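Each remark here refers to the structure printed beneath this line.
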There are 2 protein chains.
Amino acid sequence: MNYEKKSLEMRAKHKGKLEVRLKIPLDNNEDLSVAYTPGVAAPCVEIAKNPELAYKYTIKANSVAVMTDGSAVLGLGNIGGLAGLPVMEGKCALFKKFADIDAFPICLDTQDPDEIVKTIKYLAPSFGGINLEDIAAPKCFYIEEKLKEEISIPLFHDDQHGTAIVILAGLLNALKVVGKDLRTARIVIAGAGAAGIATARLLLHEGAANIILTDRKGLIYEGRDDLNLYKERIAKLTNRQMLKGDLAEAMKGADVLIGVSHAHIADHSMVKTMNKDAIVFAMANPTPEIMPEEALRGGAKIIATGRSDYPNQINNVLAFPGVFRGLLDSRARYVTDAMKVAAVHALSALVKNPTPEKIIPGVFDKDIAKVVADAVKKAGK
Amino acid sequence: MNYEKKSLEMRAKHKGKLEVRLKIPLDNNEDLSVAYTPGVAAPCVEIAKNPELAYKYTIKANSVAVMTDGSAVLGLGNIGGLAGLPVMEGKCALFKKFADIDAFPICLDTQDPDEIVKTIKYLAPSFGGINLEDIAAPKCFYIEEKLKEEISIPLFHDDQHGTAIVILAGLLNALKVVGKDLRTARIVIAGAGAAGIATARLLLHEGAANIILTDRKGLIYEGRDDLNLYKERIAKLTNRQMLKGDLAEAMKGADVLIGVSHAHIADHSMVKTMNKDAIVFAMANPTPEIMPEEALRGGAKIIATGRSDYPNQINNVLAFPGVFRGLLDSRARYVTDAMKVAAVHALSALVKNPTPEKIIPGVFDKDIAKVVADAVKKAGK
């Protein structure tokens with residue numbers, strides 16, 4: 001199947017993937033008087049008196065802005081906001097398909113963190129939530145921190161938190177299969193960008209105590225003199241043995257390798273040095289950090305990727321539709337750690353009897369978004 | 001008919017008026033691989049190489065942002081961006097209904113002109129056009145001027161240009177009915193906000209030579225010491241007799257009164273002082289500057305309002321859907337005076353034999369948007 005060709009043809013035919021549709025009739029003067037003037041004045045007056053009523057009378061109840069500055073699109077890098085539009089449209093399509101959310105793509109013509117913060121703040125009123133996408137680290141962390149105090153709707157950077165949720169959900173089941181414990185497992189995270197750092201944080205929150213992160217320059221340790229603020233912070237909580245060296249060094253004796261690096265960086269000989277019953281999550285797309293065949297050759301017991309053509313597809317679409325459904329329905333103002341963890345456990349529990357080839361639900365399994373949404377809502381109470 | 005009640009009920013039932021829908025299937029892994037990863041990378045790469053291809057592969061080809069800062073919503077005044085959302089949603093519904101355009105409401109959480117300019121510039125990439133709405137004068141003029149050089153998609157402030165187009169379209173037919181000439185008719189425009197100034201400009205462009213504008217302080221004349229920059233500019237081109245006084249003064253001997261003031265300000269005795277076969281357009285909504293019965297009592301020959309319950313409803317929906325359809329289809333970068341005038345004449349010509357009770361097409365007449373779009377496209381060539 002040539003997905004590239006089909007993708008271009010399909011998009012050229014439809015000019016994208018989304019359309020805006022009416023939920024009300026608009027066929028005569030009376031309809032017009034209700035939908036537009038003079039009828040439209042009534043909800044305006046009500047909302048001016050009580051802003052909360054926007055959730056009762058407008059699309060705000062169900063709308064999400066899917067926003068990017070195009071600084072880190074897929075594995076393509078910094079291609080700019082406009083060129084990221086197909087990804088944002090695709091994301092919006094997934095929001096609708098899996099959680100009936102009305103999402104609209106907003107691609108920014110600025111990559112300055114402070115201008116991005118201001119722009120998101122300024123356009124927040126018509127949305128019920130903001131999904132950030134494909135914004136490079138470390139500025140994605142900065143933008144998220146700044147906006148927490150600036151807007152009254154939830155903000156979720158999917159490359160961070162969506163990825164962290166689905167990885168941890170799969171990992172909990174994988175550890176169960178091999179009879180290991182998250183608190184004692186030695187976990188190597190290859191990649192210290194948005195996904196790597198957010199995954200490390202969520203694993204720490206859930207009790208993991210032996211994590212090592214790596215970036216292009218090798219292992220991250222406290223005091224390494226080229227770390228940005230966010231790597232510095234995570235360095236204080238990981239690699240307490242202060243190991244130095246490269247990924248191969250870190251993998252020796254590891255129980256888990258989590259690749260979130262956008263690069264093909266490991267081979268079977270490195271997997272061979274891992275602990276017995278090794279777990280390998282190679283999330284880089286479309287080419288994983290190590291191909292499943294190669295990881296198997298190195299003796300890995302459980303392998304997961306982001307791809308649909310191998311078992312154990314760990315895909316963010318398992319998380320973000322349900323997470324936002326829960327956020328919107330409970331009118332949450334923030335995404336809390338408790339909500340993320342609730343989503344993790346909800347996803348894990350959907351696989352009743354995990355096996356090496358089945359540690360995570362399938363993308364098209366029924367009711368996933370609903371189950372995740374319910375968990376998020378409950379955790380927010 | 002209680003439109004207020006029905007409007008609130010309808011909106012509470014549907015949570016607004018719009019939804020986002022998929023134009024593509026998304027039912028299995030193969031669909032997912034085309035719509036999202038890995039297929040989605042192909043159009044991103046193409047657009048990164050050639051930004052024009054966004055019009056081929058994405059929603060940009062057909063999307064319009066309907067934006068407000070909520071500083072001048074309907075006749076309600078400055079109620080803020082969020083409270084203006086029902087109006088923006090309604091506008092988006094009209095865009096879809098009349099011109100199959102995918103419009104999305106963006107309500108701003110800032111009323112600072114420079115911040116509005118920056119925000120619009122930053123979020124332009126995913127849209128094919130920007131429709132500004134309910135932004136107070138004079139900052140609406142400033143924002144429009146600033147953005148002309150900043151974005152590569154057309155920007156149209158409907159309160160200015162949409163209103164000017166439909167008024168002039170109706171006026172041309174009204175003048176035809178009474179056998180008067182635009183170039184010599186004495187025209188009073190009550191209201192010197194967005195609509196008043198834009199209407200004056202378009203009338204001047206089409207040859208009107210005897211226009212007087214009024215605002216709350218009375219007649220506008222060159223040198224009046226309380227005029228803003230935009231009133232100063234229009235004062236140099238209108239009221240060449242330098243008349244001073246109030247609206248009643250201006251109406252004496254006038255052929256046409258155009259009310260765009262948001263206030264009930266004229267009575268039959270003032271209409272009585274107008275020239276024979278007086279034309280009265282009282283556009284304030286929902287309460288016109290003078291009620292049609294009162295204008296008739298004063299001897300007016302042709303009366304138009306913005307209301308659907310009287311003859312000659314002059315409604316912006318006659319113009320903006322077709323204007324944007326034309327702009328999008330021809331991928332115009334600016335809205336030119338030639339395009340506006342083409343829309344005017346296209347609308348006028350749709351009424352084959354104008355009469356005092358029929359100077360403008362009905363909102364639901366067939367093919368209006370198509371005819372306007374074709375005229376705009378032709379004028380842009």
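Chain A is the first sequence line, chain B the second, and so forth, proteins listed ahead of strands; every chain is numbered from 1. Fair warning: this is a prediction, and the values are worked out from it, not measured in the lab. All values below were derived from every heavy atom in this structure, side-chain atoms included, with hydrogens, water molecules and symmetry-related copies excluded.
- The two atoms that bring A:V34 and B:Y3 nearest to each other are CG2-CD2, 3.8 Å, heavy atoms only.
- Of the residues considered (B:Q313, B:K91, B:E46), B:K91 shows the highest number of contacts with chain A, using heavy-atom pairs under 4.5 Å.
- Contact tally against chain A (heavy-atom pairs below 4.5 Å) for B:S308, B:P38, B:A93: the top residue is B:A93.
- Contact check on A:D102 versus B:R21 returns no salt bridge, with no Lys/Arg side-chain nitrogen under 4.0 Å from an Asp/Glu carboxylate oxygen.
- The shortest side-chain heavy-atom distance between B:L22 and A:E19 does not fall under the 4.5 Å cut-off.
- Counting only heavy atoms from C-beta outward, the side chains of B:K96 and A:L26 never approach each other to under 4.5 Å.
- Heavy-atom pairs under 4.5 Å with chain A were tallied for B:T58, B:N62, B:I47; the largest tally goes to B:T58.
- Contact record, A:F364 with B:N28: CE1-C, 3.1 Å, taken as the closest heavy-atom pair.
- Contacts between B:L18 and chain A at a heavy-atom distance below 4.5 Å involve backbone atoms as well as side-chain atoms.
- Interface remark: of the candidates A:K49, A:K23, A:R307, A:K23 forms the most heavy-atom pairs closer than 4.5 Å to chain B.
- Taking each heavy atom of B:L85 and A:P125 in turn, the nearest pair found is CD2-O, 4.4 Å.
- For A:L94, the parts lying under 4.5 angstrom from a heavy atom of chain B are both the backbone and the side chain.
- Remark: side-chain polar atoms of B:K56 are not paired, donor with acceptor, to backbone N or O of A:A12 under 3.5 angstrom.
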Inset, instruction - Just do the ring-ring contact (aromatic ring centres under 6.0 Å, His included) check on A:F127 and B:F104 with the steps written out, would you? - result: CA-CA 11 Å; A:F127 295 98; B:F104 204 86; 5.5 Å; yes
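- Ranked by heavy-atom pairs under 4.5 Å with chain A, the list B:K60, B:K13, B:K118, B:E89 is led by B:E89.
- Considering only heavy-atom pairs separated by less than 4.5 Å from chain A, the leading option among B:P86, B:A41, B:A48 is B:P86.
- When every heavy atom of A:K15 is checked against every heavy atom of B:A61, the shortest pair comes out as CD-CB, 3.3 Å.
- A:C44 places a side-chain heavy atom less than 4.5 Å from the side chain of B:I79.
- When the candidates B:K97, B:K121, B:K17 are compared by the number of heavy-atom contacts under 4.5 Å with chain A, B:K17 comes out ahead.
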